[in-house]
Amino acid sequence: MNITAIILAGVVVGAVGLLIAVLLGIASEKFKVPVDEKAIAIRDELPGNNCGGCGYAGCDGLAAAISAGEAPVNACPVGGAAVAEKISEIMGVEVGDTEKMVAFVKCSGTCDKAKDKYEYVGIEDCVEALSVPGGGPKACSYGCTGFGSCVKTCEFDAIHIVNGIAVVDKEKCVACGKCVAMCPKGLIELVPYSAKHLVQCNSHDKGKDVKAVCDSGCIGCQLCKKNCKFDAVEIDHFLAHIDYSKCKNCGLCAQKCPAKVIL
């Protein structure tokens, strides 16, 4: 056995290993990705639902946006005020006053109030129902189909089908917005938790046509708008809509509504 050859091989292997270690060290320094400590801390405080209700793809995206100053500290609808407070401490800013938002279904066409055009037999899915004649069995083309696509997409058990229409449990709703995006008729919107008066209709038909298909639809009479002292009600194509930034919850619009469609 040639001891010299063995020693030489060991030296060569050691030298190659040392060279590789040095090169890896240089490469790691040259190509390392800077770590945003604030983003990591913020991500640890977020609930991890990755629901997209904040407008970002997930909690990682939101954490990076907050850290970069591109999103407010209270942007997470699931975490609410408690999480916003913790993130504000990390960012060193004030949270500010924020109103909790909840989803609201703009339809009161329950089984006893809304008429059907025919008996529907098929897949009970709101999106699929739009592909059949008339967009589903309900005579009002604007109304809730009641097949519960929003129920299936809600991760918080905050929506249920009651008497043929979707109803939101505002105590469970975290305003993630998934139901808003899911509804093919655009029936769901986010409203302030404290809002006491809500227009439970989405029909833009004229009053006569509304009454022909539903006993509780908005007829566009404008009495709510004319009687509002705070200019908080607008009429858009025969449909009343409340501006909650102006509404004082006085209730006059609900009192004057002849169709009793304002809750």
Side-chain angles (χ1 to χ4, degrees), residues 101-221 224 238-242 244 251 253-263:
M101 304 294 282
V102 293
F104 170 68
V105 182
K106 298 179 290 182
C107 181
S108 56
T110 53
C111 295
D112 55 320
K113 295 178 181 177
K115 297 178 177 63
D116 288 335
K117 293 175 287 190
Y118 51 81
E119 183 177 349
Y120 178 82
V121 178
I123 300 174
E124 293 200 352
D125 180 87
C126 301
V127 178
E128 293 292 335
L130 289 185
S131 64
V132 303
K138 185 161 286 188
C140 174
S141 60
Y142 298 92
C144 177
T145 310
F147 290 152
S149 292
C150 53
V151 175
K152 297 168 190 173
T153 197
C154 180
E155 300 177 8
F156 306 96
D157 191 37
I159 310 180
H160 300 92
I161 302 301
V162 180
N163 199 11
I165 62 170
V167 177
V168 176
D169 182 343
K170 62 189 293 186
E171 301 304 328
K172 292 183 178 180
C173 179
V174 298
C176 70
K178 279 194 172 182
C179 60
V180 177
M182 170 58 69
C183 182
K185 294 188 177 182
L187 276 168
I188 308 176
E189 67 176 351
L190 297 180
V191 301
Y193 177 89
S194 62
K196 296 180 179 179
H197 304 95
L198 306 156
V199 181
Q200 200 173 10
C201 182
N202 194 50
S203 177
H204 289 281
D205 286 340
K206 293 182 178 180
K208 178 184 66 175
D209 298 324
V210 170
K211 283 300 183 184
V213 296
C214 183
D215 294 333
S216 63
C218 176
I219 58 177
C221 66
C224 52
F238 310 107
L239 177 65
H241 186 271
I242 298 174
Y244 297 105
C253 58
Q255 294 174 25
K256 297 296 182 180
C257 177
K260 301 303 177 186
V261 75
I262 302 180
L263 301 182

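Quick caveat, the model's predicted, so the values are computed rather than measured.
Residues P137 and K117 have side chains not in contact (no heavy-atom distance under 4.5 Å, counting atoms from C-beta outward). Annotation: side chain of H204 is not in contact with side chain of F238 (no heavy-atom distance under 4.5 Å). At a threshold of 4.5 Å between non-hydrogen side-chain atoms, the residues V105 and V168 count as touching. Residues I159 and D169 form no side-chain contact, since every pair of their non-hydrogen atoms from C-beta on lies 4.5 Å or further apart. Side-chain contact between D112 and N163 is present, with heavy atoms from C-beta onward closer than 4.5 Å. Residues Q200 and L263 meet the side-chain proximity criterion, which asks for heavy atoms closer than 4.5 Å. For the pair V210 and C218, the minimum side-chain heavy-atom distance is 4.5 Å or more. Looking only at side-chain heavy atoms (C-beta outward), F104 and V180 stay at 4.5 Å or farther from each other.
Between the CG atom in L130 and the CZ atom in F147 there is a gap of 10.0 Å [rounded to 0.5 Å]. Between the CD1 atom of I262 and the SG atom of C224 there is a distance of 4.5 Å, given to the nearest 0.5 Å. The CG atom of L239 lies 12.0 Å from the CD1 atom of I219; values are rounded to the nearest 0.5 Å. Rounded to the nearest 0.5 Å, atoms SG (C154) and NZ (K178) are 9.5 Å apart. Here CD1 of I188 is found 10.5 Å from CG of N202. Values are rounded to the nearest 0.5 Å. Atom NZ of residue K113 and atom SG of residue C214 lie 8.0 Å apart, to the nearest 0.5 angstrom.
One finds no salt bridge joining D116 and K138 here, because no Lys/Arg side-chain nitrogen approaches an Asp/Glu carboxylate oxygen to under 4.0 Å.
Among all heavy-atom pairs drawn from K115 and K211, the shortest one is NZ-O, 4.2 Å. In this structure, A129 and T145 approach most closely via the heavy-atom pair CB-CG2, 4.1 Å. Contact between C107 and L187 at its shortest, heavy atoms only, is CB-CD2, 4.1 Å. In terms of heavy atoms, A114 sits closest to G109 at CB-O, 3.5 Å. Summarising the geometry of V199 relative to A240, their closest heavy-atom pair is CG1-O, 3.5 Å, with the distance given to 0.1 Å. Across V261 and C201, no two heavy atoms sit closer than the pair CG2-CB, 3.7 Å.
For the pair K196 (side chain) and G251 (backbone), a donor-acceptor distance under 3.5 Å is absent. In this structure, the side chain of S149 engages the main chain of C126 through a donor-acceptor pair within 3.5 Å. Listed for the S203 side chain is a donor-acceptor partner under 3.5 Å among the backbone atoms of D205. The backbone N or O of V127 lies less than 3.5 Å from a partner atom in the side chain of D125, making a donor-acceptor pair. Under the 3.5 Å distance criterion, the side-chain polar atoms of T153 are left unmatched by any main-chain donor or acceptor of C179. The closest donor-acceptor contact from the side chain of K170 to the backbone of Y193 lies under 3.5 Å.
For I123, the CD1 atom counts as loosely surrounded, since its 6.0 Å shell holds 12 or fewer non-hydrogen atoms of other residues, nucleotides or ligands. Shown here is K256, whose NZ atom has no more than 12 heavy atoms of other residues, nucleotides or ligands within 6.0 Å.
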Derivation and outcome, side chain to side chain contact (heavy atoms under 4.5 Å, CB included), residues V191 and V102: CA-CA 6 Å; V191 301; V102 293; 4.1 Å; yes
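Because its NZ or CZ atom is not both nearer than 6.0 Å to the ring centre of Y142 and within 45° of the ring axis, K185 does not count as a cation-pi partner of that residue.
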